[in-house]
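For reference, the structure discussed in these notes is given below.
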Amino acid sequence: VAYPELIKEDLPLDHPAITLLCDMENAAQQMAEMNQQLLTLGRRGHYNVQPLNLNDIVSQVVRQSCSNREGLHIKTNLAQDLKPMRGGTSQIVRVISNLITNALDAMKMKGTLTVKTLNWSVAVPAGKYVQLPIGEYVKLVVSDTGSGISKDVLSRIFEPFFTTKAADKRSGSGLGLSVVHTVVKDHDGYIDVLSEVGKGTSFYLYFPAISDEVIEQKSKAVVGGNENILVVDDDAMQIDVILHILSSLGYNATAVKSGEDALKHLKTNACDLLILDMVLPGGIDGLETLLRAKELKADIKAILMSEFSENESVQKALSMGAGAFVKKPLSVNSLAQVVRNELSRNSKVRV
């Protein structure tokens, strides 16, 4: 994922390789996306939960998914006073993208797609597909005028790998709606669905609203530094990418492939930040490495990496003062921002 981005930085904009690099980048992102779909189903994917505005995500996904679609009519009705919700942006993007993709397929790219958000208050438990508890919700509606879903199929639409589509390179995996269902459940939300054969389908998603959070939209420029960073990862390709990114940002970065080698390095070298893979085959793992590193240098800062979710080891490492947990694959911007944030953070052990 990161290599094409890094190579493009060293080439003029009109270089003939730029198109090929963009194709490589897109293919890598598609592979990473499929991997995340599968990890989501197994509840091993990681995402950062934070207050977010659903309108912002809906606008982004509709713009990306529905541009240049002849014969398609798009209706959006987004509540201006929409309450915030708590969630993982990448996962909510995945939910909306999958719903819109299904709607477009059902309409064969022709018809009316309606996407709506609103505040929703439930005073009495209600719902067709699920029983919606009493509470305050942020509601998302995605409706299409497509072929509709028969009753026998409707009962199975959220099953993993169940599909009525012919499998090809872009659809038919049967992961889309099962991922939607999994993500919504993981966000303590609910799904309702109504469909009529020949007339279309509507999905209704309900996420618990929050009222005590302030959402700040800040555009963060990529900023580097000159601190000493130690990368601990057993994957040679990951090491190469991370060192390349950090060096381009001005950092003095070194890498080792095991927890034991990391501790040896810390005994004789200055280090302002550890970038630590939590899964280190053989020897000591990421958590034990951090524990021992803290014994050598109590105020050392750390960033954790993994493809997987925040398990008990990760939670313990975060409680010891590790400042962030980022998922692989890494991008230039995501790594640059989390490194700068952690280096600039006041050292405080979380309770």
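If you take OG on Ser195 and CG on Asp144, they are separated by 7.5 Å, rounding to the nearest 0.5 Å. Once rounded to the nearest 0.5 Å, the distance linking CG of Asp277 with NZ of Lys257 reads 13.0 Å. Lys185 contributes atom NZ, which lies 9.5 Å from atom CD1 of Ile191 (distance to the nearest 0.5 angstrom). To the nearest 0.5 angstrom, Leu296 atom CG is 6.0 Å from Leu266 atom CG. Distance check: Leu54 CG to Thr117 OG1 gives 6.0 Å after rounding to the nearest 0.5 Å. Taking CG of Leu177 as the reference point, atom CZ of Arg156 lies at 13.0 Å (rounded to 0.5 Å).
Residues forming a salt bridge (charged side-chain N to carboxylate O under 4.0 Å, His left out) with Glu5 (at least two apart in sequence, or on another chain): none. In this view, Ser248 satisfies the side chain to side chain contact (heavy atoms under 4.5 Å, CB included) rule with no residue, not counting sequence neighbours. Under the side-chain hydrogen bond (donor to acceptor under 3.5 Å, both in side chains) criterion, Asn252 pairs with Asn228, not counting sequence neighbours. Judged as a salt bridge (charged side-chain N to carboxylate O under 4.0 Å, His left out), and not counting sequence neighbours, the contacts of Asp233 are Lys328. Residues forming a salt bridge (charged side-chain N to carboxylate O under 4.0 Å, His left out) with Glu260 (at least two apart in sequence, or on another chain): none. Remark: Val232 pairs with Leu230, Val256, Ala262, Leu274, Leu276, Leu280 by the side chain to side chain contact (heavy atoms under 4.5 Å, CB included) rule, at least two apart or across chains.
In the hydrophobic cluster analysis, where Ile, Leu, Val, Met, Phe, Trp and Tyr join through side-chain heavy atoms closer than 4.5 angstrom, Leu104 is grouped together with Val93. Clustering ILVMFWY residues whenever any of their side-chain heavy atoms sit less than 4.5 angstrom apart, transitively, puts Ile7 in a cluster other than the one holding Leu335. At a threshold of 4.5 Å between side-chain heavy atoms, the hydrophobic network of Ile, Leu, Val, Met, Phe, Trp and Tyr places Met24 and Val241 in two separate groups. Leu21 and Met237 are members of different hydrophobic clusters when ILVMFWY side chains are connected at heavy-atom separations under 4.5 Å. By the rule that hydrophobic residues join a cluster once side-chain heavy atoms approach within less than 4.5 Å of another member, Phe203 and Val153 end up as members of one cluster.
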request  = May I have the step-by-step check of side chain to side chain contact (heavy atoms under 4.5 Å, CB included) for Thr76 and Val58, ending in yes or no?
outcome  = CA-CA 9 Å; Thr76 57; Val58 169; 5.6 Å; no
query = Given the rule in the side chain to side chain contact (heavy atoms under 4.5 Å, CB included) test, do Leu273 and Glu342 qualify, once you have shown the distances and angles that lead to the verdict?
reply = CA-CA 8 Å; Leu273 175 68; Glu342 178 60 10; 3.6 Å; yes
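Thr114 places none of its side-chain heavy atoms less than 4.5 Å from the side chain of Asn77. Side-chain contact check for Tyr3 versus His244: every heavy-atom pair is 4.5 Å or farther apart. Taking the side chain as every heavy atom from C-beta outward, Met85 and Ile92 approach each other to under 4.5 Å. Side-chain contact between Arg340 and Leu249 is absent, with no heavy-atom pair separated by less than 4.5 Å. Looking at Leu205 and Val95, their side chains come closer than 4.5 Å, going by heavy atoms from C-beta outward. A 4.5 Å side-chain heavy-atom check between His265 and Thr254 finds at least one atom pair inside the cut-off. The closest side-chain heavy-atom distance from Trp120 to Leu132 is below 4.5 Å. Looking at heavy atoms from C-beta onward, Tyr206 lies out of side-chain contact with Val184 at the 4.5 angstrom threshold.
Closest approach of Ala255 and Ile239 over heavy atoms only: CB-CG2, 3.4 Å. Across Gly88 and His187, no two heavy atoms sit closer than the pair N-NE2, 3.0 Å. Scanning both residues, Thr201 and Gly148, for their nearest heavy atoms gives OG1-CA, 3.6 Å. Taking each heavy atom of Val115 and Leu140 in turn, the nearest pair found is CG1-CD1, 4.0 Å. The minimum heavy-atom distance linking Met278 with Leu304 is given by the pair SD-CD2, 3.7 Å. Smallest separation of non-hydrogen atoms from Thr289 and Leu263: O-CD2, 3.9 Å.
Screening Ile303, Ile275, Leu243 for a side-chain contact (heavy atoms from CB on, under 4.5 Å) with Ile229, the sole residue that qualifies is Ile275.
Side-chain atoms of Asp272 and Tyr251 include no donor-acceptor pair closer than 3.5 Å.
The local environment of NZ in Lys8 is crowded, with over 12 non-hydrogen atoms from other residues, nucleotides or ligands closer than 6.0 Å. With a 6.0 Å radius and a threshold of 12 heavy atoms from other residues, nucleotides or ligands, Lys297 has its NZ atom above the threshold.
With hydrogens and angles ignored, the 3.5 Å screen pairs a side-chain donor or acceptor of Thr145 with a backbone N or O of Thr112. Between the side chain of Lys139 and the main chain of Leu118, no donor-acceptor pair closer than 3.5 Å is present. With hydrogens and angles disregarded, no donor-acceptor distance shorter than 3.5 Å links the side chain of Lys116 to the backbone of Val141. Asn119 places a side-chain N or O within donor-acceptor distance of the main-chain N or O of Lys83, the cut-off being under 3.5 Å. Under the 3.5 Å distance criterion, the side-chain polar atoms of Asn55 are matched with a main-chain donor or acceptor of Ala79.
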